[in-house]
Amino acid sequence: AQAEQLKEMIKHVESANTYALQQSYDSYAQLGIAAMVKSDALAKKGELKTPITMAVENLFPESFGGHPDELIQLIEKSRARMVEKLTAEHKMSQEQAKKEAEEHIFATFDTAHCNMWFKYWKGDPRKTIDENKIEFDKWMLGRVEELAKKKIVGHLHLVDNYGFEDEHLAPGEGNAPV
């Protein structure tokens, strides 16, 4: 009986990470819907200049969402959750809901935050720091290309650093490939 009870309980157990991500997707979707509703209200009054958006920033490497793959995951799954809510609760077509989600949920991409991944880069020990930085830059620019192709970025923080601290240098004063 205890084994059956444990089996049933395990079906409903969720890790803290999974639960937190689901809550994030849901919260971002709700914010996206709020941005859409406010944009629509302003548009009806003739006061909308540009749609209001919700933007998740890629923070430091130590925070979830700092890695480009995690940022993509946050935006795509939040958009998908917004589509679910709009089709179920607002009786919107799938096509329109997808368009609204892509218009109101974005990422803010901070170039210096992404460059800070260099401190975790596993370079080739036979290469110099500069040679490894070239390889890192190729990786980073490839990730940025993917963010662009997937229409993830809606805002850009164009700043520089040396890849270890968030120094907020002007573009060209550090070594970020900006």
Side-chain angles (χ1 to χ4, degrees), residues 10 12-36 51-85 98 101-178:
I10 287 171
H12 304 286
V13 171
E14 188 173 11
S15 74
N17 286 346
T18 302
Y19 178 79
L21 285 173
Q22 293 303 321
Q23 291 299 305
S24 295
Y25 306 146
D26 197 53
S27 295
Y28 297 150
Q30 288 176 26
L31 283 169
I33 291 169
M36 178 193 76
I52 298 169
T53 62
M54 189 288 313
V56 177
E57 184 173 354
N58 62 313
L59 293 176
F60 307 120
E62 298 80 15
S63 301
F64 190 86
H67 191 282
D69 291 343
E70 295 167 347
L71 189 63
I72 290 168
Q73 177 185 339
L74 282 171
I75 300 305
E76 288 183 338
K77 293 199 175 192
S78 297
R79 285 176 176 170
R81 184 69 181 115
M82 183 172 165
V83 169
E84 288 173 21
K85 287 179 161 293
K98 201 171 177 186
E102 288 178 359
E103 186 172 281
H104 296 286
I105 297 178
F106 282 108
T108 295
F109 185 73
D110 187 306
T111 55
H113 293 170
C114 193
N115 196 47
M116 288 170 59
W117 278 97
F118 183 60
K119 64 184 168 183
Y120 298 107
W121 185 253
K122 301 283 188 231
D124 184 337
R126 296 167 295 180
K127 292 183 178 180
T128 66
I129 290 175
D130 289 340
E131 290 170 328
N132 279 308
K133 181 66 169 109
I134 289 168
E135 290 302 312
F136 172 82
D137 289 352
K138 285 180 191 173
W139 170 83
M140 182 175 159
L141 293 172
R143 304 311 298 143
V144 169
E145 222 175 285
E146 183 175 358
L147 290 167
K149 284 179 184 171
K150 293 184 173 207
K151 299 179 183 172
I152 299 295
V153 178
H155 303 98
L156 179 67
H157 286 178
L158 186 58
V159 289
D160 209 342
N161 63 15
Y162 285 98
F164 296 95
E165 299 293 327
D166 191 28
E167 298 158 311
H168 283 266
L169 302 174
E173 290 183 355
N175 66 9
V178 293

Here the pair of heavy atoms bringing Asn175 nearest to Gly163 is OD1-N, 3.9 Å
Note: Ala35 and Ile52 closest approach over all heavy atoms is CB-O, 3.4 Å
ask   = Would you call Lys138-Glu135 a salt bridge at under 4.0 Å N-O?
value = yes
For Thr18, does its backbone N or O pair with a side-chain atom of Ser15 as donor and acceptor, under 3.5 Å?
-> yes
Shortest non-hydrogen pair, Ser78 vs Ala29, comes out as O-CB, 3.7 Å
Is there side-chain contact between Tyr28 and Ile75, with heavy atoms separated by less than 4.5 Å? no
Q) Just wondering, do Asn115 and Asp110 contact through their side chains at under 4.5 Å, heavy atoms? A) no
_Please check if the number of heavy atoms outside Glu146 that lie under 6.0 Å from its CD is greater than 12._
yes
Check your understanding: Is Thr111 close to Asp160 at the side-chain level, that is, under 4.5 Å between some pair of heavy atoms?
Key -> no
Check your understanding: Can you find a heavy atom in the side chain of Phe106 that is under 4.5 Å from one in the side chain of Val56?
Key -> no
CD (Gln30) and CZ (Arg81) are apart, to the nearest 0.5 Å, by 8.0 Å
Between His168 and Val159 the two heavy atoms that sit nearest each other are ND1-CG1, 4.0 Å
Do Arg79 and Glu76 sit within salt-bridge range, that is, some charged N less than 4.0 Å from a carboxylate O?
no
| said: Could you check whether Asp26 and Gln22, counting side-chain N and O atoms only, form a donor-acceptor pair closer than 3.5 Å? | reply: no
Heavy-atom nearest pair, Asn132 first then Gly123, reads OD1-CA, 3.1 Å
| task | Please confirm whether His113 and Phe60 have ring centers closer than 6.0 angstrom. | result | yes
Q) Below 4.5 Å, heavy atoms only, C-beta onward: do Phe118 and Asn161 meet side chain to side chain? A) no
- Gln73 side chain reached by Phe64 side chain, heavy atoms, under 4.5 Å: yes
**OP:** Assess whether atom OH of Tyr19 is packed by more than 12 heavy atoms of other residues, nucleotides or ligands within 6.0 Å.
**Re:** no
With sequence neighbours left out, the residues meeting side chain to side chain contact (heavy atoms under 4.5 Å, CB included) with Val83 are Thr87, Gln94, Ala97, Lys98, Ala101
Nearest heavy-atom approach of Cys114 to Pro68 is SG-CG, 4.0 Å
Sequence neighbours excluded, the answer for side chain to side chain contact (heavy atoms under 4.5 Å, CB included) partners of His67 is Asp69, Glu70, Trp117, Trp139
**Asked** Is Pro177 close to Lys133 at the side-chain level, that is, under 4.5 Å between some pair of heavy atoms?
**Response** yes
Here the gap from Asn58 atom CG to Ile152 atom CD1, rounded to the nearest 0.5 Å, amounts to 12.0 Å
Contacts of Tyr162 meeting ring pair (Phe, Tyr, Trp, His ring centres under 6.0 Å) (sequence neighbours excluded), chain-then-number -> none
Legend entry - Under 3.5 Å: donor-acceptor pair, side chain of His104, backbone of Met54: no
Q: Show the numbers, then the answer: is there a side chain to side chain contact (heavy atoms under 4.5 Å, CB included) between Lys127 and Ile134?
A: CA-CA 10 Å; Lys127 292 183 178 180; Ile134 289 168; over 6 Å; no
Has Thr108 got a side-chain atom pairing as donor or acceptor with Val153's backbone, closer than 3.5 angstrom? no
Using modelled atom types only, decide if a donor and an acceptor are shared between the side chain of Lys119 and the backbone of Phe164 within a distance under 3.5 Å. yes
